[in-house]
Number of protein chains: 2
Amino acid sequence: MSRPTLASLASELVVSRQTISNVLNAPHKVKPATRARVQAAIAAAGYRPSAAARQLRTQRSMNLGMRLLPATDGINGAVLDRFLHALTEAAQSAGYRLTLFCADSDGDEIRQYEELLDVAGLDGFILTSSTPDDARTLWLQERGTPFAVFGRPWDAAGHPAAAAHPWVDVDGAAGTTAAVEMLLAQGHSRIGFLGWFTGDPVGADRRRGWERAMATAGYGEDVRGLGVEAQDTVAGGASGAALLVSRGATAMVCSSDSLALGAMEKLRELRAGSSVSGQAAGLNGPGGLSAVVGFDNTPVAAALGLSSVAQPAEEAARHIIRVLAYELAGGGSLAATDAVGVDAGAAPAAPAPPERQLLLAPHVVERIPLPLAATGSSQGPTAAPSMQPR
Amino acid sequence: MSRPTLASLASELVVSRQTISNVLNAPHKVKPATRARVQAAIAAAGYRPSAAARQLRTQRSMNLGMRLLPATDGINGAVLDRFLHALTEAAQSAGYRLTLFCADSDGDEIRQYEELLDVAGLDGFILTSSTPDDARTLWLQERGTPFAVFGRPWDAAGHPAAAAHPWVDVDGAAGTTAAVEMLLAQGHSRIGFLGWFTGDPVGADRRRGWERAMATAGYGEDVRGLGVEAQDTVAGGASGAALLVSRGATAMVCSSDSLALGAMEKLRELRAGSSVSGQAAGLNGPGGLSAVVGFDNTPVAAALGLSSVAQPAEEAARHIIRVLAYELAGGGSLAATDAVGVDAGAAPAAPAPPERQLLLAPHVVERIPLPLAATGSSQGPTAAPSMQPR
DNA sequence: GCGGAAAATTTGATCGATCAAATTTGTGCG
DNA sequence: CGCACAAATTTGATCGATCAAATTTTCCGC
């Protein structure tokens, strides 16, 4: 037998299509006895409603779209990777499917939205990364398409902006603040900041966290000169670290793991260079090598024993789906009014709407740099005789 | 006006639905004059056929599915990331959409196939990674679902197996062979192999490439003891490298960048330990640090100046789509006979069917290890005065 | 046992496209 | 001119579900 349909199942069961449909979509409308009988038949026949037919009628595809950004660094892009995994999983368990697409530019991305909405009837989009005065969010809002953004809205000046759409972001400043606090606890006081060039708001935000923490600790005055910017690469990190050291820094918080990796290597090199007792250039602070903290907690950081600020990408993804699903389920129709002083109405215990805009706190993963001692790890290496030749 | 449909456009143009449909799907059936008029109207109205309606009628969704594997290492997983990007892009330009899904196990993956086929009507699947006697490929073949695999089929013994389904893979042995040749050219002769524990066929294949190249170069005898296996981590690479060095290796080819990274660090450490003139333990072969070659050409390798074997992931992705699209377009109906001596028939110049099974050759990216000299890269670092406080 | 409202179920129309067959228009030629 | 036949276009049915309204069944009190 080929795939069962509502009609085929109905005639078999001697009930109408609609009754079966109701069992699936509005069970309370069906008499318990019938319901049980139908459910049994559905399970037995392995019936699954066709999404295409359903979509044609209901105009909902249960399909969400997300642009796959052109891989930038690959070292830092790892966060989006984790995000994508978690997003797929969350979407799936919320009953949505996830469609990927590529775009050459933000303009092209909008063109893709249009196409995907018209042709595939996607129900909503997830945007990753937000730019100041984002054209995409404007377009989507005008058109009334549901969407949620991983990344705060920024105004043209690079400051957090107010926006009506849902978003989730990670509080970068809180991350660098926590990193500074960790270093302070280790006994450091001349803690530098190593950021990237591109004047984007994310970098500025991370820098602010460092400034704030230093000021709070009473080192606000010393900060001048300890904030440095370089290209967001390993090489850039190395030269930036050299500059910071020359200015007396004994520790540094970096905007990325690429930078931190370069910094760590450079510190190691400087320490090796300054002879055995490397107290020379102010190196060897209390924490030794771990005086470098990266950002994003990339696999590389984990592999090399680099401390790093970890973004809760999985939690962000789950929340994005939660919000989007809520909007798509019509939750937005009531929640349109800002959630301030909404006490009247006495709604019948709706399942507390998710925060439409959420800032998550990252945490610092403290690591001890790879010792590289000859002692093997859990399982030591073994010589293996050549296997099958040829 | 809301979205135009065939019917709305038809009445506007005073032609029938079917004529418009034909203009889109079988232009040759429509008189040139009419065709032009309809095409203009389509463009003007921005008409786009609904995929759901089309799918309902044609039973084709133009949608491909792919499982997103649970992120393993993150360092080595980068290849799949590039693959996914290229795949999305290729699918898109072939007119297909890509749907992602997650699964807990291979068994669950099959369950997902079933669901996605029934509910969403996916036209085919892309599998990444293949296991010996893969249950998924068997299931898909039995069911007659089109699919293509990134990875060769292996038999239970871990040897390449014959299979009827399309696949693309990268020739790992050729990669390690090329790596050995590069090292030979640098003057090395005691070249070790550093693989991973898990007895999977991919690792064995890469090892065979090393063995073959060494034998060809006349060092077949020496190989004994120079093949070592460890955990596929940075720490594992370090300890494996130590062992290889103790056996007299001056260079080594690794199965992954994780291993190579550990090896590189260990070599650096050993070299530093053996005083200034580190000729001691047979270190400092002709190629110096670059005597380590990794596999997968991960961003980390690029960042750290580690030579590595690069998989043509993008090309693999494009070919996978090419093959799958060909099958889905009905190309398989003729190509069922093996492409050996098919000279008869004299087909009317069909656009040469793509190879159903293709082994791509990787290439070695030779790099000079990060010097970490204080001289800044292209753009040097600059001190930046504190930005907006608070 | 009966009227009438509520509950349960069924029927016909519809979403927007393509297929298959029917119909109309156009062309060549004796 | 008119016939046969091909080209171009149109019509009706269909894919598989849900919606809205019509219909039948059930239940209750009097």
Side-chain angles (χ1 to χ4, degrees), chain A residues 1-39 41-42 45-63 95 115 117-123 330, chain B residues 1-39 41-42 45-63 95 115 117-123 330:
Chain A
M1 275 276 287
S2 85
R3 221 162 82 65
T5 68
L6 264 197
S8 78
L9 242 192
S11 68
E12 211 172 302
L13 271 171
V14 201
V15 288
S16 68
R17 315 180 300 278
Q18 189 61 40
T19 297
I20 306 186
S21 174
N22 282 338
V23 167
L24 291 166
N25 301 313
H28 66 269
K29 287 187 182 167
V30 181
K31 203 205 310 189
T34 328
R35 192 192 310 158
R37 198 163 62 94
V38 171
Q39 278 167 337
I42 287 177
Y47 167 73
R48 290 195 183 91
S50 143
R54 183 175 270 176
Q55 174 184 351
L56 187 57
R57 186 68 244 232
T58 63
Q59 307 289 9
R60 306 200 56 213
S61 64
M62 297 306 280
N63 223 299
E115 164 122 11
L117 285 170
D118 282 358
V119 173
L122 296 199
D123 290 339
Chain B
M1 276 278 286
S2 85
R3 221 162 82 65
T5 69
L6 263 198
S8 79
L9 242 193
S11 69
E12 212 173 300
L13 272 171
V14 203
V15 287
S16 68
R17 313 181 300 279
Q18 188 60 42
T19 297
I20 307 186
S21 174
N22 282 338
V23 167
L24 292 165
N25 302 311
H28 61 95
K29 288 187 182 169
V30 181
K31 200 202 317 186
T34 328
R35 191 193 310 158
R37 200 164 60 94
V38 171
Q39 278 167 336
I42 287 177
Y47 167 74
R48 290 197 184 88
S50 143
R54 181 175 272 176
Q55 175 184 351
L56 187 58
R57 187 68 245 238
T58 61
Q59 306 291 8
R60 304 198 59 211
S61 64
M62 298 305 280
N63 223 300
E115 163 122 11
L117 285 170
D118 281 358
V119 174
L122 295 199
D123 290 339

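From a predicted model like this one, the values you see are computed outputs, not experimental measurements. Reminder, nothing fancy here: chain letters follow the sequence lines and each chain counts from 1.
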Closest nucleotide among C:dG16, C:dT18, D:dA17 to the A:L56 side chain
C:dG16
Taking only N and O in the side chain of A:Q55, is any of them less than 4.0 Å away from OP1 or OP2 of D:dG16?
no
Side chain to side chain contact (heavy atoms under 4.5 Å, CB included) partners for B:S11, two or more places apart
none
Residues which pass salt bridge (Lys or Arg N to Asp or Glu O under 4.0 Å) with A:R48, listed by chain and number, not counting sequence neighbours:
B:E115, B:D118
Once you round it to whole Å, what is the distance between C1' of C:dG16 and CG of A:D118?
13 Å
Only counting residues at least two apart or in another chain, list the ones meeting side chain to side chain contact (heavy atoms under 4.5 Å, CB included) with B:R57.
none
Does a side-chain N or O from B:S50 land closer than 4.0 Å to OP1 or OP2 of C:dA17, or not?
no
Any A:Q59 side-chain nitrogen or oxygen under 4.0 Å from OP1 or OP2 of C:dG16:
yes
Listed partners of A:S50 passing side chain to side chain donor-acceptor pair (under 3.5 Å), at least two apart:
none
Could you tell me whether the side chain of B:S61 and the main chain of B:G121 form a donor-acceptor pair under 3.5 Å?
yes
Under 4.0 angstrom, heavy atoms only, what part of the nucleic acid is B:R60 near: base, sugar-phosphate, or nothing?
nothing
Without decimals, in angstroms, what is the distance between B:Y47 OH and C:dT18 C1'?
10 Å
For B:A36, what residues pass the side chain to side chain contact (heavy atoms under 4.5 Å, CB included) criterion, not counting sequence neighbours?
none
Tell me every residue that passes side chain to side chain donor-acceptor pair (under 3.5 Å) with B:T19, counting only those two or more places apart in sequence or in another chain.
B:S16
Ignoring backbone atoms, establish whether B:S21 has a side-chain N or O less than 4.0 Å from OP1 or OP2 of C:dT18.
yes
In chain order, what residues pass the side chain to side chain donor-acceptor pair (under 3.5 Å) check against A:R37, with sequence neighbours excluded?
none
Quick one: bend of the helix from C:dG1-D:dC30 to C:dG30-D:dC1 from 5 pairs per end, to 10°?
50°
Could you go through B:V38 and B:L9, starting from their C-alpha distance and side-chain angles, then the distance that decides it, and tell me whether this counts as side chain to side chain contact (heavy atoms under 4.5 Å, CB included)?
CA-CA 9 Å; B:V38 171; B:L9 242 193; over 6 Å; no
From CG of B:L24 over to P of C:dG16, roughly how many Å is that when rounded to an integer?
16 Å
Strictly under 4.0 angstrom, non-hydrogen atoms only: write out the protein contact profile of nucleotides 7-12 of chain C, one letter per nucleotide from the 5' end, B, S or -.
-SSBBB
